[in-house]
K.L.:
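Encoded as C-alpha cells, here's the structure I'll be asking about.
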Amino acid sequence: MVERSEFHGTVGRTFAGGEPWWPPRAEAPEGAPNVVIVMVDDLGYSDLACFGSELRTPHVDRLAAEGLRYTNFHVTPMCSPTRASLLTGLNPHLAGVGHVAHSDSGYPGYAMELRPDVSTMPEVFRSAGYATFMVGKWHLSKDSDQSAAGPRHSWPCQRGFDRYYGVLDAFTNLHHPHRLVRDNSPVEIEEYPEGYYFTDDITDRAIDMVTELRASHPHQPFLLYVAHGAVHAPLHARAEDIEANRGRFDEGWDALRERRYRRQIELGIVDPETRLAPRNAELNNDVQAWDDVPAGERALFARYQEVFAAMVERIDHNVGRLADTLDRLGELDNTVFLFTSDNGSSREGELVGTTAYYVHLLMGDDIDADRARLDEIGGPTTTPHMPRGWAMLGNTPFRLYKINTHAGGHTAPLVVRWPAGLGERRGELRHQYTHVTQVLATLCELAGIETPDDVMSGRSGRSAAATLYDGAAPSGHDEQVYETQGHRGLYRDGWEIVSLHQPMTPFGDHEWELYHLADDRTELDNRAEAEPDRLAAMAARWEELAAENQIYPLDEGTGLKYLVRPLRSAAYSEPVTILAGTPTLERWRSVQLIWFRGATYRVRFGDGGYSAGDRGVLFAHGDQGGGYLVHIDNGRVHYVHNDGRGRLRHLDGGPVPPGAREVVCRTVAPGGGSWTVALEVAGEPRGEIEGVPLLYGMAPFEGLSVGRDPRSPVVWELFERFGANRYSGALDRVTIEPGEPAPDAPVNLMGLLRDIGLRFE
C-alpha cells in the first residue's frame, strides 16, 4: 500500500514516490464564476490607454469600461516574487521566492520555489471543483530543477494546474521559444512555422483548454492564468505590428511622458494635485533629456519603443480574442477577468538600450553595433531591450523602475471585469491601496470557496472584495513590506519609508526616505529629517516584518548568492555524453558545462566513420542571442561563434577525410573573459583562434543539441540555407568534458566575495 506524505488543509501533496496526489474533486458552488487572470511581464503603470497611454489597447479598455480600474494597486518590484504572492497570498519571501528564480543559496526566503506547506491558488480552486489551466511564463522553479532530471515538485502541474503550456524560464525568444513545456514534458520542436509568435501561441492554447472543457462538461467553472512572456525583453514583435507603430515615438520620452500625465489627470487615474516626478536623475538610474540624445541615436531609440508598443498592442489583440471566445460560449459576463502587470517597467536596457539583451549587462554597451542592426530590431535576429527613458515613460507619473521599491517599481495597472457580480458598477475607479497578496483571498470570496486553514495561516493579504462594490470601502490592507536586491520599503496607513540602495555600500537608517503618500503620491517631498520619530518607528517596524517574512539576508551586491549552490550541483560539472537523437539538453544544465571555463567536445561518428558528402551540424549550443556550433559543409569542419551582437568568429578546420571517426573541439578559458578554441580531426590539430568572447550569464540561452541546430539558430546564414541543419550522415555521440575554471572565474573568488559582503552586513 502506498502511503501519502503529509498534506495540509484540504489540498493534497504527493505520494511517497513523488507523484502528485489529489483528494476527490468537489462540486463547485452552483453558478460559481470562472476566473481569468492575465498578467503581463514588465508592463508599466501608464502603458495602457485606459491608464493614460497613447498605445492602442481597445480590448483592455473595453474590459475597463465594463468593469473597474484600480489606480492604487501594488505588486512586488520583480516578476517571480509577484507571481509567488499572486498564487499563495503570501509576501514573496515568506512564500520562498524573494528574488528571481536563478539562485539556490539555501536561505528560506530565497528557496526560489513555492513553499511546500502552503496551498496555491490552483490547488485551492481545484479542490473546490474548478478546472485549472495555465499558459505562459511560470518562473517559480529553481533553474537547476528545470531539466529532464527535475525534480518537478515546483512545476505548474505539481502545484495545482490540470493543464500547462509555456516556458518555465524567466523569458524566451518570442519568435523562436527556446524550450516550450506542455504539462510535464518539453515540446521538442526543430523549426517554428513561418509567422510564429509566442503571444499568439499561448492564447491559442488557452482558448483550446477552455473550449475543450466546455465541450466536455456543460458548466464546470475554470481558473485560467495567462502569464504573458511579453513585454519582457527580448523585445520581439510581428513585423506588421512594428510597421504600424513606425514614427509614433519620434518626439521622445519627455514629451510623451508629459502627455500621459495630463491624460491620467483627465481620466481620474491620478488626482489633479499629484505632481509628475521629474526626470529620473538618481545615481545609476538617470535618464538623459530627449533633446540631449544625439541626433544619430534618436531613430535607434525610437525603434525600441515602436517594438515595445507593437508587443503591448498584440497582447491587447489576444485579450480580445480570449474575451470574444468566452462571449461566444456565453461565459464572459460570469467570468471574473483580471488584467495586470507583475512589476513596473524595466530599466534593464540601461541608458542606451541594446540589441543583445543576453550579453550586454556583462559585456557593456555597443551602440555602433546596435545602430548597424536598427532595421532588425524586433525580429528574430536580435535580442533587444529599450533604454530606461522608455521605462520612465511607462512608469508615469512615478519615480524609478522595476527592481526599485519606489513607486515606479511596484505600482501596476489593474482592471477587473465581472458584470454578473458587479451589476451596474461599470467604468468606475477604485483608489484604495490594494496589493497582489490580496488577490487569492478576494477570488475565494467571490467564488464562494471556503479558504483552507493552511492558506490563511500567516497570510499577509486579506480579501479586498468589499472594494469591488464600494469605492469608499476599506481594502483591509494598511501595511505592506517591500524588499528587492537590497532596496527596502514599508507602506503603513498612508505613509511610506523607502530606500534606494547602491550595491556594495552599507545598509542602515541613513538610506531611508519618508513620504506622506496622501498628499505626495509620487514621492517628491522627503520628510525624513522633519519627522525623525515617525521614521524611526517605521524603520523598526520594517525590521520586525523582515524577520517575520524571512527577508534576511539582504543582498549587498557582491553577486555571491548566484554562486552558492547545494552540493548536489557538483554533478553538473562532470563529463556528459549525449547520444545523437537525444532531445536538447536544457538551458541551465548546458551552461554548467562551460560556465567561466572551457570544455572538450568529442564528436564520434557512427559505424564506418565520416562519409564523403555528409554535411550538417555536429553540435550547437545557443541561439541568435549568443552561442557556438561545429558543423561540416562541403566536406570541411567549421567552428562558428556568435557573440550575441551579430558578430561571428570562424575557425575553418579543413577537410574531414572519409572514414574519420572523431572530430574534437577544445576550448580553454585563460582568463580575461575569452576562450581559445582549437579543432582536431582524426587526432590531427587543425588550427586555433584566440580571443573568442566567453559566453556567460544568460547566454547561451538555448541548450545544447547534437546533430542539429533547432529553433533559434546560432548562425542565421546557415539557418536560411538549411533550417535546423540536421547532420545527414551517421553520428553516434558527443561527449563534453568540462575544463578547469578560468583563473578569474567567480567560483575562485567566493572567499573574497564573502569577505566583501560581510563589510556591509
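The shown structure was predicted, so the numbers you read here are calculated from the model rather than taken from an experiment. Residue indices begin at 1 and follow the sequence shown.
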K.L.:
If I take atom CZ from residue Phe125 and atom CG from residue Leu440, how far apart are they, to the nearest 0.5 angstrom?
P.N.:
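Going from CZ on Phe125 over to CG on Leu440, the span is 6.5 Å.
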
K.L.:
Do Leu94 and Val118 touch side chain to side chain, with heavy atoms closer than 4.5 Å?
P.N.:
no

K.L.:
Is the centre of the His139 ring less than 6.0 Å from the centre of the His102 ring?
P.N.:
yes

K.L.:
Any sub-3.5 Å donor-acceptor pair from Thr584's side-chain atoms to Gly703's backbone N or O?
P.N.:
no

K.L.:
Strictly below 4.0 Å, N to O, side chains only: are Arg568 and Asp104 in salt-bridge contact?
P.N.:
yes

K.L.:
Rounded to the nearest 0.5 Å, what separates atom CG in Leu114 from atom OG in Ser154?
P.N.:
4.5 Å

K.L.:
Using modelled atom types and a 3.5 Å cut-off, is there a donor and acceptor pairing between side-chain atoms of Ser341 and backbone atoms of Leu43?
P.N.:
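Side chain of Ser341 to backbone of Leu43, a donor-acceptor pair under 3.5 Å: yes, one is there.
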
K.L.:
Can you name the side chain to side chain contact (heavy atoms under 4.5 Å, CB included) partners of Thr396, sequence neighbours left out?
P.N.:
Ser46, Arg257, Arg260, Tyr261, Gln264, Leu276, Leu393

K.L.:
Suppose we screen for salt bridge (charged side-chain N to carboxylate O under 4.0 Å, His left out). Which residues come up paired with Asp327, at least two apart in sequence or across chains?
P.N.:
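Result, salt bridge (charged side-chain N to carboxylate O under 4.0 Å, His left out) vs Asp327: none returned.
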
K.L.:
If you round to the nearest 0.5 Å, how far is OG of Ser185 from CD of Glu188?
P.N.:
11.5 Å

K.L.:
Please report the C-alpha distance between Phe73 and Val439 in whole Å, then the side-chain angles of each, then the deciding distance to 0.1 Å, and finally whether the side-chain contact (heavy atoms from CB on, under 4.5 Å) criterion is met.
P.N.:
CA-CA 11 Å; Phe73 179 67; Val439 172; 4.3 Å; yes

K.L.:
For the rings on His410 and Tyr482, is their centre-to-centre separation under 6.0 Å?
P.N.:
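Yes, they do, as the ring centres are separated by less than 6.0 Å.
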
K.L.:
Using modelled atom types and a 3.5 Å cut-off, is there a donor and acceptor pairing between side-chain atoms of Thr57 and backbone atoms of Ala49?
P.N.:
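Present.
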
K.L.:
Can we say Arg62 and Glu66 salt-bridge, meaning some charged N sits less than 4.0 Å from an Asp/Glu carboxylate O?
P.N.:
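Salt bridge flag = yes for Glu66 with Arg62.
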
K.L.:
So, Asp143 side chain and Trp588 main chain: donor-acceptor pair closer than 3.5 Å or not?
P.N.:
no

K.L.:
To the nearest 0.5 Å, tell me how far Ser346 OG sits from Met78 CE.
P.N.:
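One finds 8.5 Å between OG of Ser346 and CE of Met78.
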
K.L.:
Please determine if Asp342 and Lys402 form a salt bridge, counting it only when a charged side-chain N lies under 4.0 Å from a carboxylate O.
P.N.:
no

K.L.:
Could you tell me whether the side chain of Asp145 and the main chain of Lys142 form a donor-acceptor pair under 3.5 Å?
P.N.:
no

K.L.:
Are the side chain of Arg214 and the backbone of Leu329 linked by a donor-acceptor contact shorter than 3.5 Å?
P.N.:
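Absent.
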
K.L.:
Rounded at 0.5 Å granularity, tell me how far CZ in Phe339 sits from CG in Leu322.
P.N.:
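So the gap between those two atoms works out to 11.5 Å.
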
K.L.:
Please confirm whether the backbone N or O of Thr132 pairs with a side-chain atom of Asp162, one donor and one acceptor, at under 3.5 Å?
P.N.:
yes

K.L.:
Tell me the closest heavy-atom pair linking His99 and Ser80, and the distance in Å.
P.N.:
O-CB, 3.7 Å

K.L.:
Aromatic ring centroids of Phe701 and His178 under 6.0 Å?
P.N.:
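Judged by ring-centre distance (under 6.0 Å), Phe701 and His178 do meet the cut-off.
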
K.L.:
Run the salt bridge (charged side-chain N to carboxylate O under 4.0 Å, His left out) test against Glu483 and tell me which residues pass, sequence neighbours left out.
P.N.:
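Glu483 satisfies salt bridge (charged side-chain N to carboxylate O under 4.0 Å, His left out) with no residue once adjacent residues are dropped.
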
K.L.:
Can you list the residues that meet the ring-ring contact (aromatic ring centres under 6.0 Å, His included) rule with Phe308, with sequence neighbours excluded?
P.N.:
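Listed in chain order: nothing, the list is empty.
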
K.L.:
Please determine if Arg179 and Glu586 form a salt bridge, counting it only when a charged side-chain N lies under 4.0 Å from a carboxylate O.
P.N.:
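A salt bridge is absent here (no side-chain N lies under 4.0 Å from a carboxylate O).
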
K.L.:
Between Thr120 and Thr88, does a side chain to side chain donor-acceptor pair (under 3.5 Å) hold up when you go through it step by step?
P.N.:
CA-CA 5 Å; Thr120 67; Thr88 67; over 6 Å; no

K.L.:
Show the numbers, then the answer: is there a salt bridge (charged side-chain N to carboxylate O under 4.0 Å, His left out) between Glu544 and Arg541?
P.N.:
CA-CA 5 Å; Glu544 293 174 1; Arg541 180 57 179 160; 2.8 Å; yes

K.L.:
Would you give the length of the straight line joining atom NE2 of His228 to atom OG1 of Thr203, rounded to the nearest 0.5 angstrom?
P.N.:
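These two atoms lie 5.0 Å from each other.
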
K.L.:
Would you call Arg462 and Asp478 a salt bridge, taking side-chain N to carboxylate O under 4.0 Å as the test?
P.N.:
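No, no charged N to carboxylate O under 4.0 Å.
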
K.L.:
Heavy-atom count check: over 12 atoms from other residues, nucleotides or ligands less than 6.0 Å from Tyr107 OH?
P.N.:
no

K.L.:
Which residues satisfy the salt bridge (charged side-chain N to carboxylate O under 4.0 Å, His left out) test with Arg587, sequence neighbours excluded?
P.N.:
Asp169

K.L.:
Look at the side chain of Gln220 and the backbone N and O of Gly129, then say whether any donor-acceptor pair between them is shorter than 3.5 Å.
P.N.:
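Side chain of Gln220 to backbone of Gly129: a pair is present.
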
K.L.:
Are any side-chain N or O atoms of Thr437 and backbone N or O atoms of Ser85, one a donor and one an acceptor, separated by less than 3.5 Å?
P.N.:
no

K.L.:
Hey, would you say the His176 and Phe198 ring centroids sit under 6.0 Å apart?
P.N.:
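Ring centres of Phe198 and His176 not closer than 6.0 Å.
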
K.L.:
Begin with the C-alpha distance, continue with both residues' side-chain angles, and end with the deciding distance and a verdict on side chain to side chain donor-acceptor pair (under 3.5 Å) for Trp418 and Asn334.
P.N.:
CA-CA 6 Å; Trp418 185 33; Asn334 195 31; 3.2 Å; yes

K.L.:
Could you walk me through whether Leu213 and Met209 pass the side-chain contact (heavy atoms from CB on, under 4.5 Å) check?
P.N.:
CA-CA 6 Å; Leu213 171 70; Met209 291 175 186; over 6 Å; no

K.L.:
Is there a salt bridge (charged side-chain N to carboxylate O under 4.0 Å, His left out) between Arg321 and Asp204 once you walk through the steps?
P.N.:
CA-CA 9 Å; Arg321 291 177 58 215; Asp204 289 343; 2.4 Å; yes

K.L.:
Do Tyr45 and Phe51 have ring centres separated by under 6.0 Å?
P.N.:
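Tyr45 vs Phe51: aromatic centres under 6.0 Å.
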
K.L.:
Could you report the tightest heavy-atom contact between Pro177 and Thr172, atom names first, then the distance?
P.N.:
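Scanning both residues completely, I find the closest heavy atoms to be CA-OG1, 3.2 Å.
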
K.L.:
Between the side chains of Arg426 and Glu428, is the shortest nitrogen-to-carboxylate-oxygen separation below 4.0 Å, so that they form an ion pair?
P.N.:
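Salt bridge absent between Glu428 and Arg426.
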
K.L.:
I'd like to know whether Arg163 forms a salt bridge (charged side-chain N to carboxylate O under 4.0 Å, His left out) with Glu212, so could you lay out the CA-CA distance, the side-chain angles of the two residues, the decisive distance to 0.1 Å, and finally the verdict.
P.N.:
CA-CA 12 Å; Arg163 301 286 308 280; Glu212 185 178 31; 3.5 Å; yes

K.L.:
Students often mix this up, so state it plainly: with edges at 30° and 60°, are the rings of His232 and Phe171 parallel, tilted or perpendicular?
P.N.:
parallel

K.L.:
Between Asn91 (side chain) and His93 (backbone), is there a donor-acceptor pair under 3.5 Å?
P.N.:
no

K.L.:
Hydrogens and angles aside, do Glu445 and Ser463 bring a side-chain donor and acceptor to less than 3.5 Å of each other?
P.N.:
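A pair is found: one side chain offers a donor N or O, the other an acceptor, under 3.5 Å apart.
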
K.L.:
Report the residues that fulfil side chain to side chain contact (heavy atoms under 4.5 Å, CB included) with Ser475, sequence neighbours left out, ordered by chain and then residue number.
P.N.:
Gln432, Thr434, Gln438, Thr467, His477

K.L.:
Under 4.0 Å between a Lys/Arg side-chain N and an Asp/Glu carboxylate O for Arg205 and Asp201?
P.N.:
yes

K.L.:
I need the single residue from Val312, Leu48, Val60, Asp316 that forms a side chain to side chain contact (heavy atoms under 4.5 Å, CB included) with Leu55. Which is it?
P.N.:
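Result: among Val312, Leu48, Val60, Asp316, Val312 is the only option passing the side chain to side chain contact (heavy atoms under 4.5 Å, CB included) with Leu55.
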
K.L.:
For the residue pair Arg417 and Phe337, would you count it as a cation-pi contact if the rule is NZ or CZ under 6.0 angstrom from the ring centre and within 45 degrees of the ring axis?
P.N.:
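No.
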
K.L.:
Minimum heavy-atom separation for Ser141 to Ala101, with atom names?
P.N.:
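Taking every non-hydrogen atom into account, O-CB, 3.4 Å.
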
K.L.:
Return the minimal non-hydrogen interatomic distance between Gly408 and Phe398, and the atom names on each side.
P.N.:
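That closest heavy-atom pairing would be N-CB, 3.7 Å.
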
K.L.:
Between Tyr433 and His74, does the ring centroid distance fall short of 6.0 Å?
P.N.:
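So the answer is yes for these two rings.
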
